[in-house]
Amino acid sequence: MSKVLVVANWKMNPPSFQEAKGLFDATRKAVEKYPSSVIVAPPSIYLRELHARYKGRSIRFCAQDVSYDARGAHTGEISLPQAKEAGIVYAIVGHSERRARGETNEDTRKKVAAALAARVTPILCVGEAKRDASGEHLEFIKEALRIGFADVPTAKISSIIVAYEPIWAIGGEEAMKPRDMHEMAIFIRKTLVGLYGEGARSLKILYGGSINESNASDMVRAGDVSGLLVGHVSTDGVRFAALLENLSKQA
Ligand code: PGA
């Protein structure tokens, strides 16, 4: 099995459960043909049934967001125990599309800690909206990491997954240059080791933002990443299969 982790973030797609079943079947077949470690993050309303229908072991399930509260009067939220019961073992935390709707670094701090306490692996997303020559974005990323990890017990640091997703690269067909990602991976690791100790050296870093069937292999080869977070291409069964095929060629 390829060690590259591929997170399929379906976002708010597809529009019907019928189509979700079709997309999941296409994903499942692709994973059987090109063995890979795929984590599917469907809309939460589809989770339980997709999980119940799946009998294999290669695909694991992920929430796109979770509440840090375990229960209570929080209209519209989904708790970790609920998502876990529906089949998740991973949870995306702090995706830029959640942050755009008001999620703060403080929220991610609580969600990361709550996920760990619930034995769910958090995938903490960080990424800047823009870059300029002054390198201000590095401070921005550092702050997101500092706060996001603040409540993580030292022994658990390496069980968190960091997904670097520059907002300016999300949603198109042109990803960040692998060599720039390589630099960012070094920065992320160095920052976390500096703040929270050596345990951070072995944590997994993913890249997300316009990953497709043509650029995925280069990013894994030259970007110093353990995997990829794939948005719109993961909602197209044919393109996602081609992406897994290309990754399998270099495994
Ligand atoms: P994209 O989305 O692959 O469509 O750029 C990535 C993401 O937002 O997770």
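Both counts, for ligands and for their atoms, begin at 1 and track the order of listing.
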A.B. asks: Is any N or O atom of Ile170, backbone or side chain, closer than 3.5 Å to an N or O atom of ligand 1?
C.D. replies: no

A.B. asks: Specify the protein heavy atom at minimum distance from atom 3 (O) of ligand 1: its residue, its atom name, and the distance to 0.1 Å.
C.D. replies: Gly231 N, 2.8 Å

A.B. asks: Between Trp10 and Tyr54, is there shared hydrophobic-cluster membership here, with clusters defined by ILVMFWY side-chain heavy atoms closer than 4.5 Å?
C.D. replies: yes

A.B. asks: For ligand 1, note which part of Asn9 has a heavy atom under 4.0 Å away: side chain, backbone, both or neither.
C.D. replies: side chain

A.B. asks: Return each pair, listed once, that meets ring-ring contact (aromatic ring centres under 6.0 Å, His included) where at least one residue sits in residues 158-216; pairs must be two or more places apart or across chains.
C.D. replies: none

A.B. asks: Answer yes or no: is there a donor N or O on one side and an acceptor on the other, between the side chain of Gln82 and the main chain of Ser79, under 3.5 Å?
C.D. replies: yes

A.B. asks: Specify the protein heavy atom at minimum distance from atom 4 (O) of ligand 1: its residue, its atom name, and the distance to 0.1 Å.
C.D. replies: His232 ND1, 2.6 Å

A.B. asks: Could you check, using the six-membered ring where one of them is a Trp, whether Tyr90 and Phe61 have ring centers closer than 6.0 angstrom?
C.D. replies: no

A.B. asks: Which one of Val112, Thr108, Leu203 satisfies the side chain to side chain contact (heavy atoms under 4.5 Å, CB included) criterion with Phe149?
C.D. replies: Leu203

A.B. asks: In the protein, what heavy atom is nearest to atom 7 (C) of ligand 1, and what distance, to one decimal place, separates them?
C.D. replies: Glu165 OE2, 3.2 Å

A.B. asks: Could you tell me which atoms of ligand 1, counted from 1 in the order shown, lie closer than 4.0 angstrom to a heavy atom of Gly171?
C.D. replies: 1 (P), 4 (O), 5 (O)

A.B. asks: Could you list which atoms of ligand 1 come closer than 4.0 Å to a heavy atom of His95?
C.D. replies: 7 (C), 8 (O), 9 (O)

A.B. asks: Considering heavy atoms of the protein only, find what lies nearest to atom 2 (O) of ligand 1 and give residue, atom and distance to 0.1 Å.
C.D. replies: Lys11 NZ, 3.2 Å

A.B. asks: Does Gly208 come within less than 4.0 Å of ligand 1, judged by its heavy atoms?
C.D. replies: no

A.B. asks: Any sub-3.5 Å donor-acceptor pair from Ser36's side-chain atoms to Val38's backbone N or O?
C.D. replies: no

A.B. asks: Using a 3.5 Å distance criterion without hydrogens, assess whether the side chain of Arg109 forms a donor-acceptor pair with backbone atoms of Ala150.
C.D. replies: no

A.B. asks: Does the side chain to side chain contact (heavy atoms under 4.5 Å, CB included) test come out yes or no for Ile39 and Leu5, once each step is laid out?
C.D. replies: CA-CA 7 Å; Ile39 298 171; Leu5 264 187; 3.7 Å; yes

A.B. asks: Within a distance under 4.0 Å of any heavy atom of Leu229, pick out the atoms of ligand 1 and give their elements.
C.D. replies: 9 (O)

A.B. asks: Go through ligand 1 atom by atom and flag the ones less than 4.0 Å from a non-hydrogen atom of Gly209.
C.D. replies: 5 (O)

